[in-house]
Amino acid sequence: MSFGKGCHLHLIDGSAFIFRAYHALPPLTRKSDGLPIGAVAGFCNMLWGQLTQNKGKTGPTHIAVVFDYSSKTFRDDIYDKYKANRPELPEDLRPQFPLTRDATRAFNVACLEMEGYEADDIIATLARQATEAGGDVTIISSDKDLMQLVGNGVVMFDAMKNRTIDRDEVIEKFGVPPERVVDVQSLAGDSVDNVPGAPGIGVKTAALLINEYGDLETLLSRAEEIKQPKRRQALIENADLIRVSKRLVTLDAHAPVKETLDELEVRDPEAGPLMDFLSQMEFRTLTRRVADALKVEPPAMAENSLTPGHVDQMAAADAPPQPETVPFVHADYEHVRDRGALDRWIAAIREAGRVAIDTETTSLDEMRAELVGISLSVVAGQACYIPLGHRQGGGDLFAGDAPSEGQLPADAVLAALKPLLEDGSILKIGQNMKYDWKIFARLGIRIAPFDDTMLMSYAMHAGQHNHGMDGLSERYLGHKPIEIKSLLGSGKSAITFDRVPVDEAVKYAAEDADVTVRLWQAFKPNLHRAAVTTVYETLERPLVPVLADMELAGIRVDPNVLSRMSNAFAQKMAGLEAEIHELAGQPFNVGSPKQLGEILFDAMGVPGGEKGKTGAYATGADVLEDIAANTDLGRPADLAARVLDWRQLSKLKSTYTDALQNHINPETGRVHTSYSIAGANTGRLASTDPNLQNIPIRTEEGRRIREAFVAGPGMRLVSLDYSQIELRILAHVADIPALKQAFRDGIDIHAMTASEMFGVPLDQMTPEVRRRAKAINFGVIYGISGFGLARNLRIPRAEAQAFIDTYFERFPGIREYMDRTVAFAKENGFVQTLFGRKIHTPEINSKGPTAGFARRAAINAPIQGAAADIIRRAMIRMPQAIRGLPATMLLQVHDELLFEVEEAAVDDLISAARAAMEGAAHPAVHLDVPLVADAGQGANWAEAH
DNA sequence: TGCGTCACG
DNA sequence: GACGTACGTGACGCAC
């Protein structure tokens with residue numbers, strides 16, 4: 001029949017199918033010859049699902065799978081950097097591409113691709129033809145680039161979420177209807193495809209602008225009218241780039257597609273070729289399933305030719321369903337409301353030997369959080385939620401605090417789960433397990449053993465993306481989980497999880513456990529493939545209980561010391577503010593860089609004001625220091641000097657003496673920070689809420705804040721910090737004999753560098769010469785540049801460059817290390833520490849200023865990362881090293897560990913902790929330089945450090 | 001929410 | 001020859 005009214009065309013985005021399949025499945029290989037085949041397997045399963053699910057009256061009359069032909073398209077001629085950020089194709093995926101075409105043909109489905117065009121263009125063209133002929137179109141994809149096609153008989157279908165994307169969904173995602181989607185995309189750009197867009201404008205702002213002005217061209221022509229200066233400038237200055245972006249994102253609905261719609265009519269698969277293909281691929285279960293459906297005999301395949309670990313693993317009847325092939329169905333999640341249901345779950349967990357677990361609580365602060373419920377999942381698609389502390393009222397303050405219906409008593413549930421959670425033969429799987437670990441620890445349960453999908457991702461993907469659950473789910477499972485905001489709201493009106501109605505909580509919470517178990521299934525086999533199993537098992541996972549215990553312990557902070565300081569700072573600031581207003585000749589907000597800049601450079605006429613990209617004058621400390629030092633200026637110099645003082649006090653007061661008081665836990669009288677293990681790309685920890693890794697020390701006034709961090713009665717604080725650990729690592733990895741010898745001999749490394757560079761004997765060294773050498777030593781670690789060193793030392797650039805040249809001449813190994821590291825990054829897309837930690841450098845091959853950043857980051861990462869690895873190793877061994885001593889490890893500040901210890905045991909602690917720190921690289925790495933840890937102790941942190 | 005600023009290693 | 005530059009973090013206040 002000829003395509004027309006009543007016909008329904010299904011267009012499957014083939015490339016999306018392949019990538020989803022690849023990332024979701026373990027690296028399966030064909031048993032007979034080791035050919036990588038996982039993506040093909042997933043692709044076939046998904047295609048078969050499409051063909052069978054949609055039989056019937058809503059099913060397609062015409063169907064095609066559409067592929068990208070190659071990476072080069074007409075868009076590369078429009079913009080040479082198009083898709084330049086795309087990561088390299090994985091080695092084992094490349095050979096699977098032609099096989100997916102074969103698969104499509106084997107299923108007797110039209111297989112379309114065209115040189116010079118993306119699959120999206122072909123889809124756009126066919127969709128146009130089909131709707132013009134009066135038919136309907138369903139595009140099987142969730143790619144946002146296709147959303148511009150929705151409407152007038154075209155819908156999209158997200159096969160992963162089993163959800164239709166229509167006009168309303170598009171409006172929800174982009175804030176504009178489908179026909180305006182390209183306008184929004186042109187403005188917002190796309191970092192994945194490297195569509196430039198306008199800087200500083202995201203989807204939200206873009207939608208706002210388009211809705212106000214109607215369309216992109218009107219907006220650009222009336223850009224002058226935009227009130228916000230930043231937006232106005234971004235649009236005016238980037239009009240050309242925005243128009244280029246529009247050409248990039250606009251799909252070509254008139255591509256010269258050879259195939260006619262009629263050729264795409266649905267055809268039944270021919271049993272012969274399809275059976276041949278599937279058995280050739282050695283997909284046992286799928287072959288059988290298809291054979292059943294086609295009512296033919298499956299071809300003979302040796303039963304024992306397939307073994308677990310290969311294709312058969314995923315196809316075996318009792319194997320866990322693969323995340324990719326199991327849809328997310330919220331209605332399937334179970335509300336555990338009675339003892340029988342709980343016992344069934346416990347039995348299933350024991351049977352499986354593993355469980356994904358997630359807790360819901362009343363707060364993100366684990367020290368204040370009350371347990372509200374627990375969710376569990378054993379296999380993809382099946383999960384439950386056990387509500388424990390939900391209250392009626394759902395945010396209505398007058399509805400009372402009565403417990404919700406359908407909840408088991410918390411203590412009984414915890415008593416039933418405790419043996420399971422502490423059972424050495426049952427693996428507990430979490431996403432950010434430190435959180436749940438602490439919640440359970442406060443309830444007397446110590447979880448072990450466990451896996452953490454966040455840390456797995458961190459070990460494999462550091463530098464590529466973040467490792468939060470929602471992001472990982474979207475990226476690796478193609479599923480966007482329910483947002484917590486949709487349950488709790490946000491801002492002032494946000495409710496706590498105990499006020500969420502139980503049936504809503506079931507969907508959200510169980511989904512998290514479901515996602516976690518799927519991520520685990522997806523990641524586990526890949527740890528090996530990425531060669532980071534050791535990193536995960538020795539540097540990430542064991543840190544969880546260590547950090548959890550440190551955070552639970554907290555550090556004692558004396559609020560009286562802080563409030564006295566706050567008052568003193570407030571007084572000084574008021575005095576300075578009055579003087580500043582006097583000097584300015586008018587009152588203004590000293591805390592506003594914008595107003596300050598206008599006072600200095602406009603009202604007072606200081607020359608040389610430089611405006612940044614937002615149009616405001618720069619008034620950073622370096623700028624103000626220059627003005628303050630220029631006594632010819634008179635009043636502006638005085639004003640700048642006072643603003644510098646005011647800024648310092650303001651910082652100390654707002655960030656430290658005021659804010660820290662609010663972080664003292666009323667029950668413990670201590671401050672409990674939270675360390676993020678997977679926050680910093682290099683392997684460093686980051687401390688938040690509050691950040692205890694940036695407590696002042698460099699100025700005397702700031703340093704006194706450390707006096708508020710005190711030891712308990714009869715206790716002392718002990719601090720041990722690595723001496724010059726990054727330079728020692730540099731000496732080792734760059735193999736610099738003179739530096740290594742200096743560290744062995746224990747000489748002042750900066751003085752020695754200066755002596756080598758400038759020919760000054762050590763005993764005649766001046767502080768100034770040493771200072772310069774020190775700056776160069778640090779510069780090397782940061783990926784030195786003449787400009788950077790010149791700015792740091794405030795010397796002419798040529799002079800700085802001359803120093804650097806001398807340095808490289810004297811220590812040629814440094815240059816070699818840098819070149820080697822950058823070359824490695826370009827070749828592999830990541831760099832590595834001595835301990836095997838990988839840090840990805842996706843921008844290393846870009847052009848322009850970005851290249852400089854990426855290059856320096858690549859040089860720094862192995863050094864900073866190795867130092868981070870070393871102190872991690874020390875921390876992980878510390879509980880054992882100080883066992884029996886009345887001491888607790890409290891804080892880590894990158895190269896420093898802070899302990900609280902009974903007075904009598906100070907010396908024992910120092911020797912035990914020092915031994916652990918100085919020996920931390922062993923036995924994994926034998927360093928050519930000694931590691932040295934310096935110790936201090938006192939009643940407070942200022943004395944101890 | 002993004003930016004400027006500044007605290008730390 | 002010009003580009004624009006030290007590495008890694010988190011928190012605060014301002015301005016939109």
Side-chain angles (χ1 to χ4, degrees), chain A residues 199-202 204-205 208 226-232 234 463 589-597 612-624 643-644 647-656 658-660 663 673-676 679-699 702-703 705-706 721-722 724-726 775-793 797 800 804 839 847-865 867-868 871 891-896 945:
Chain A
I201 300 209
K204 290 272 158 60
T205 311
L208 213 70
I226 299 171
K227 287 184 282 293
Q228 298 87 345
K230 257 185 302 182
R231 291 179 191 171
R232 184 172 61 233
N589 184 348
V590 183
S592 161
K594 185 167 172 278
Q595 294 182 32
L596 174 65
K613 51 184 159 189
T614 56
Y617 289 112
T619 67
D622 48 349
V623 176
L624 296 186
V643 171
L644 282 167
R647 283 225 184 125
Q648 196 202 356
L649 295 172
S650 163
K651 181 78 172 186
L652 295 178
K653 183 170 186 294
S654 67
T655 309
Y656 301 104
D658 286 352
L660 270 176
H663 279 288
T673 185
S674 178
Y675 288 102
S676 51
N681 289 336
T682 54
R684 273 194 178 183
L685 301 179
S687 159
T688 62
D689 307 304
N691 181 356
L692 294 185
Q693 290 181 321
N694 71 345
I695 303 301
I697 192 166
R698 290 173 186 171
T699 67
R703 185 190 175 92
I705 290 169
R706 295 189 174 218
D721 68 293
Y722 281 113
Q724 309 287 7
I725 187 165
E726 293 191 353
I776 296 174
N777 276 335
F778 277 109
V780 166
I781 290 171
Y782 297 150
I784 200 158
S785 75
F787 183 93
L789 183 67
R791 198 168 66 170
N792 187 285
L793 286 175
R797 192 175 155 175
I804 294 171
I839 299 113
K847 297 270 170 280
T850 323
F853 282 113
R855 194 178 154 277
R856 292 191 295 272
I859 290 168
N860 174 260
I863 302 171
Q864 189 181 115
I871 198 165
L891 299 179
Q892 187 249 45
V893 192
H894 308 309
D895 63 358
E896 173 189 4
H945 187 82

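Chain letters run A, B, ... following the sequence lines, proteins first, then strands; residues in each count from 1.
- Using a 4.0 Å heavy-atom cutoff across all strands shown, A:Ser785 reaches at least one base atom of the nucleic acid.
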Completion exercise
Pairing string of DNA chain C (Watson-Crick or G-U wobble, both atom distances under 3.5 Å; | = paired to other strand) is ......|||||||||.

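- A:Asn589 comes within contact range of the sugar-phosphate backbone alone, with a heavy-atom separation under 4.0 Å but no base atom that close.
- Summarising the geometry, the separation between NZ on A:Lys653 and P on C:dA11 is reported as 19 Å, rounded to the nearest angstrom.
- In this structure the side chain of A:Arg647 reaches within 4.5 angstrom of the side chain of A:Thr619, judged on heavy atoms.
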Can I get a per-line list of side-chain donor-acceptor pairs under 3.5 Å for residues 849-860 of chain A, giving both atom names and the distance, sequence neighbours left out?
from: A:Asn860; atom 1: OD1; to: A:Gln864; atom 2: NE2; distance (Å): 3.2
from: A:Asn860; atom 1: ND2; to: A:Ile781; atom 2: O; distance (Å): 3.0

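- Scanning for salt bridge (charged side-chain N to carboxylate O under 4.0 Å, His left out) contacts around A:Lys651 gives an empty result, with sequence neighbours left out.
- The closest side-chain heavy-atom distance from A:Gln892 to A:Gln693 is below 4.5 Å.
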Return the polar atom pairs (N/O with N/O) between nucleotides 1-4 of chain C and the protein under 3.5 Å, or none.
none

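- With distances taken from any side-chain atom of A:Ala857 to the nucleotides C:dT9, C:dA15, C:dG8, the minimum falls on C:dG8.
- A:Val590 pairs by the side chain to side chain contact (heavy atoms under 4.5 Å, CB included) definition with A:Glu577, A:Ile580, A:His581, A:Phe588, A:Val643, A:Trp646, not counting sequence neighbours.
- Shown here are the ring-ring contact (aromatic ring centres under 6.0 Å, His included) partners of A:Tyr617, two or more places apart in sequence or in another chain: A:Phe601.
- Listed by first and then second residue, the salt bridge (Lys or Arg N to Asp or Glu O under 4.0 Å) pairs involving residues 690-699 of chain A amount to none (not counting sequence neighbours).
- A:Arg232 places its CZ atom 11 Å from the P atom of C:dC16, with the value rounded to the nearest Å.
- Using a 4.0 Å heavy-atom distance criterion, A:Ala867 is classed as making no nucleic acid contact.
- Under the rule for a side chain to side chain contact (heavy atoms under 4.5 Å, CB included), the partners of A:Leu208 that lie at least two apart in sequence or sit in another chain are A:Arg231.
- No contact: A:Ala854 has no heavy atom under 4.0 Å from any strand.
- For A:Asn792, the side chain to side chain contact (heavy atoms under 4.5 Å, CB included) partners at least two apart in sequence or on another chain are A:Ala775.
- Note on A:Ser687: only backbone sugar-phosphate atoms sit closer than 4.0 angstrom, heavy atoms only; bases stay farther off.
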Practice task
Starting at the 5' end of nucleotides 4-9 of chain B, put B wherever the base has a protein heavy atom under 4.0 Å, S where only the sugar-phosphate does, and a dash everywhere else.
Solution key: SSBBBB

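- Expressed to the nearest 0.5 Å, how far NE2 of A:His894 lies from CD1 of A:Ile725 amounts to 13.0 Å.
- Following rounding to the nearest Å, A:Leu793 (CG) and C:dT5 (P) show an atom-to-atom distance of 19 Å.
- Atom pair A:Phe853:CZ and C:dA6:P shows a separation of 6 Å (rounding to whole Å applied).
- The shortest distance between the side-chain N/O atoms of A:Arg791 and the OP1/OP2 oxygens of C:dT5 is not below 4.0 Å.
- An OP1 or OP2 oxygen of C:dA15 is reached within less than 4.0 angstrom by a side-chain nitrogen or oxygen of A:Ser592.
- For the P atom pair drawn from C:dT5 and B:dC3, the interatomic distance equals 15 Å after rounding to whole Å.
- Contact annotation for A:Ile781: no contact, since no heavy-atom pair falls under 4.0 Å across all strands.
- A gap of 24 Å separates the C1' atoms of C:dA6 and B:dG2, to the nearest Å.
- With sequence neighbours excluded, the residues satisfying salt bridge (charged side-chain N to carboxylate O under 4.0 Å, His left out) with A:Asp658 are A:Lys653.
- Residues forming a side chain to side chain contact (heavy atoms under 4.5 Å, CB included) with A:Ala621 (at least two apart in sequence, or on another chain): A:Glu625, A:Leu644.
- Atom C1' of nucleotide B:dT1 and atom CG of A:Leu208 are separated by 13 Å, given to the nearest angstrom.
- One atom, CG of A:Leu660, and another, C1' of C:dG10, lie 13 Å apart when rounded to the nearest Å.
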